[in-house]
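Okay, so here's the structure we're looking at.
Protein chains get the first letters and strands the later ones, always in sequence-line order, with residue 1 at the start of each. Reckoned from all heavy atoms, side chains included, excluding hydrogens, waters and symmetry mates. Everything numeric here is computed off the predicted structure, so don't read it as measured data.
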2 protein chains.
Amino acid sequence: MTTISAVAKAAGVSVSTVSHVLNKTRYVSPEKVKLVMDTVEAIGYIPNALARSLKLSSTGTIGLAISAISNPYFSDIICAIEAECSKRGLIVFLCDTQDDPDRELELVQHLHQRRVDGIILAASGDPKRSLDYLIESDLPCVLVDRLSDSRFDQVGTDNVAAIRTLVDHLVALRHKRVGIILGQPGFATTVERMNAFRAAMTEKGIEVPDDLISDSNNNTADATASTHRLLELKEPPTAILASNNLTMIGAMRAIRERKLRVPADISVLGIDDFEWADYFEPRLTLMAQPCDEIGRKAADLLIERIGNKRRPCQTVRLSPVLRLRESCGEAA
Amino acid sequence: MTTISAVAKAAGVSVSTVSHVLNKTRYVSPEKVKLVMDTVEAIGYIPNALARSLKLSSTGTIGLAISAISNPYFSDIICAIEAECSKRGLIVFLCDTQDDPDRELELVQHLHQRRVDGIILAASGDPKRSLDYLIESDLPCVLVDRLSDSRFDQVGTDNVAAIRTLVDHLVALRHKRVGIILGQPGFATTVERMNAFRAAMTEKGIEVPDDLISDSNNNTADATASTHRLLELKEPPTAILASNNLTMIGAMRAIRERKLRVPADISVLGIDDFEWADYFEPRLTLMAQPCDEIGRKAADLLIERIGNKRRPCQTVRLSPVLRLRESCGEAA
DNA sequence: CATCGAAACGTTTGCGCAATCGTTTTTTTC
DNA sequence: GAAAAAAACGATTGCGCAAACGTTTCGATG
């Protein structure tokens, strides 16, 4: 592997001249610049970013610790973050915490060892240890999706608005018995969406019996089971609200298994849009989360914070967008 | 930031003892081990992986340069690669080349600067410069999905088998006029699938007129336009084969815009499965690519190659799986 | 024409670590 | 009890680089 001093020797100049030419950190005569550049080209020199980072104590690297990178919602966020970072010359370490708090802490520490300039974290259900560690080690961090700690910058969807819009839509169609399929317990999003649902319904003067609220759905299979349970009630719901993309897939499976027609037999709607939702039946009415914006904003905030660790923290709630389709009808 | 010598000073031992305790690289008496470990804990020492890598000239890092990380197909592969690497203590740099050969080369060089131990690349349409660079710099690399250069280890789907299975299915249903919506020209996958289609049809004694073959679909919108063109033919196809997930979405859009029923008016099938495909209409018959296996195998091969740069290259074709649903009917 | 200052470049150090080489102390052996 | 061997640890170097500090050269100035 060639080094800067190999270049210096080959060009007959000092290492500092080569360094300054490459980094444009001080004036070097045009002839020497050309000489150095030609030599770099000739011997195929590639700077060693490790040595550079060690010296500068800054790596131009950020860590992305996401609870489930295969979820399309997070995929979109990851994509936006990568794009934004790439634009700023940063590069991203991608890690999947698999929603495991132990693993999450390990990964955060691992990223710290690698001296990332900052971390973007989609926290697990029990993130306390990881978050405390981040605070103690003074590592810049922004939280995405699950917003649970005001000691950090945070970016997510305005869940209250999302749920309220959906409830408004249902109530306008005279639905009173609405079942909700929530996500994993412990997640800030689950709690927020549940509370927002209760609040929105109460506001409309509609009571929400506990048996229409189903949380603890950690995957599509759980959501399918929960939906079956809802539909077996003496007084089953006339509409089902799926609180994210996974629970929606699970709910639709149950509905299909029961050979129910949407929206004739039951209305369905939820949070998270699908790219194909316009072209397949039933065409689901959904609230699209602004994944691009979330990712971009998260990267922005992190870069700001890396620049100024003492800036006060912000919590940013971005607005979801209603995609009104045909999966909800009038209540019987 | 604490260093190894701060630990040494605080513990009253030498830096080499601390180093050896942390890396278990030579015997140290139990008392000193405990002393060192306690001191590490007490002052919150976190090793600097940069300095370690600089010394060892190995980073435990691999680069992932993917042509479109938001595509669910690649998301799944990325997820599998990350999981496999994580298991082996490696960490992944994620980059999106956006199918741009210039950008691809830049990213490869950038990853090289950061001294990744190896690269997994989903090559762009014109990857020659990047690939030549990788060969010249002797950087371990494995190609995924688009297999175009036997100088590298390669992992992808058996596209011939995928297309043949689909064609068999269509021919069994007496289809003779089959339109195919191919992906971006230049991609190895596009070429392979086109040739496999021609071969499979010819084998069945069916002629394939050029106007039923539509390539140059770089996104869903192009695929929609191409599908419209196919359906406007004097003798339109009785079946449409979409060669990947993006073209499928585009094709379905066109079919919906024309208010055609699947499979009553037209049969549809393609490559790439969707998680929701069982629960929405039309329920598409698809060939699922083995994304998990591809990702895992790619990581395996890369790690092997990092261990032995002179090992001969392998090209691995993994078998796709037919998900037979109801989007194809008998030809009129 | 001595002096000063600026222009252009070189020498060297230290970032934090692994591991080579070296030293001291203890144990074994005959 | 002296020599050899083993056990346990320490001092130092070099990985490749940025940049602080130092040196040389040359034109400008009074």
Regarding A:Thr25, tell me which of base, sugar-phosphate or nothing describes its non-hydrogen contacts under 4.0 Å with the strands shown.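 The residue A:Thr25 makes sugar-phosphate contact but no base contact.
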Across the strands shown, which category fits A:Leu54 at heavy-atom distances under 4.0 angstrom: base, sugar-phosphate, nothing? base
Between protein and nucleotides 7-10 of chain D, what N or O pairs are separated by less than 3.5 Å?
from: D:dC9; atom 1: OP1; to: B:Ser29; atom 2: OG; distance (Å): 2.7
from: D:dC9; atom 1: OP2; to: B:Ser29; atom 2: N; distance (Å): 2.6
from: D:dC9; atom 1: OP2; to: B:Ser29; atom 2: OG; distance (Å): 3.3
from: D:dC9; atom 1: N4; to: B:Arg26; atom 2: NH1; distance (Å): 3.1
from: D:dG10; atom 1: OP2; to: B:Ser14; atom 2: N; distance (Å): 3.0
from: D:dG10; atom 1: OP2; to: B:Ser14; atom 2: OG; distance (Å): 2.9
from: D:dG10; atom 1: OP2; to: B:Thr17; atom 2: OG1; distance (Å): 2.4
from: D:dG10; atom 1: N7; to: B:Ser16; atom 2: OG; distance (Å): 3.3
from: D:dG10; atom 1: N7; to: B:Arg26; atom 2: NH2; distance (Å): 2.9
from: D:dG10; atom 1: O6; to: B:Arg26; atom 2: NH1; distance (Å): 2.6
from: D:dG10; atom 1: O6; to: B:Arg26; atom 2: NH2; distance (Å): 3.3

Heavy-atom distance under 4.5 Å between the side chains of [X] and [Y], does that happen here?
X: A:Leu35; Y: A:Val13; answer: yes
X: A:Glu84; Y: A:Arg88; answer: yes
X: A:Pro140; Y: A:Lys309; answer: yes
X: B:Ile81; Y: B:Cys85; answer: yes
X: B:Val142; Y: B:Arg305; answer: no

Distances under 3.5 Å between protein N/O atoms and the N/O atoms of nucleotides 25-28 of chain C, please, pair by pair.
none

Send over the distance from [X] [atom1] to [N] [atom2], rounded to a whole Å.
X: A:Asn23; N: D:dG16; atom1: CG; atom2: P; value: 17 Å
X: A:Lys24; N: D:dA19; atom1: NZ; atom2: P; value: 15 Å
X: A:Ile4; N: D:dC17; atom1: CD1; atom2: P; value: 5 Å
X: B:Arg52; N: D:dG16; atom1: CZ; atom2: P; value: 17 Å
X: A:Leu22; N: D:dA19; atom1: CG; atom2: C1'; value: 14 Å
X: A:Lys55; N: C:dC17; atom1: NZ; atom2: C1'; value: 15 Å
X: A:Arg115; N: C:dC15; atom1: CZ; atom2: P; value: 14 Å

A:Lys128 vs A:Asp149, test: salt bridge (charged side-chain N to carboxylate O under 4.0 Å, His left out). Steps then yes/no. CA-CA 9 Å; A:Lys128 182 161 183 348; A:Asp149 199 315; over 6 Å; no
Examine the side chains of [X] and [Y] and answer whether a donor and an acceptor come within less than 3.5 Å of each other.
X: B:Ser16; Y: B:Ser19; value: no
X: B:Gln154; Y: B:Thr315; value: yes
X: B:Arg103; Y: B:Ser124; value: no
X: B:Ser75; Y: A:Ser75; value: yes

Distance-only donor-acceptor hits, side chain of residues 54-66 of chain B, under 3.5 Å, sequence neighbours excluded:
from: B:Thr59; atom 1: OG1; to: B:Thr61; atom 2: N; distance (Å): 3.4
from: B:Thr59; atom 1: OG1; to: B:Arg115; atom 2: O; distance (Å): 2.8
from: B:Thr59; atom 1: OG1; to: B:Asp117; atom 2: OD1; distance (Å): 3.4
from: B:Thr61; atom 1: OG1; to: A:Arg114; atom 2: NH1; distance (Å): 2.9
from: B:Thr61; atom 1: OG1; to: B:Thr59; atom 2: O; distance (Å): 3.3

Can you list the steps and then say if A:Tyr27 with A:His20 is a ring pair (Phe, Tyr, Trp, His ring centres under 6.0 Å)? CA-CA 8 Å; A:Tyr27 178 83; A:His20 284 115; over 10 Å; no
As a check of understanding: the bend across the helix from C:dC1-D:dG30 to C:dC30-D:dG1, end axes from five pairs, rounded to 10 degrees, works out to 50°
Strictly below 4.0 Å, heavy-atom distances to any atom of DNA chain C: list the hits from residues 41-50 of chain A, or just say none.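 None - not one residue of the stretch has a heavy atom sitting under 4.0 Å from the strand.
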Under the ring pair (Phe, Tyr, Trp, His ring centres under 6.0 Å) rule, what do A:His110 and A:Phe93 come out as? Steps first, then yes or no, please. CA-CA 11 Å; A:His110 187 190; A:Phe93 275 126; 7.8 Å; no
Ring pair (Phe, Tyr, Trp, His ring centres under 6.0 Å): which pairs involve residues 39-62 of chain A, sequence neighbours left out?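 Pairs touching residues 39-62 of chain A that pass the test: none.
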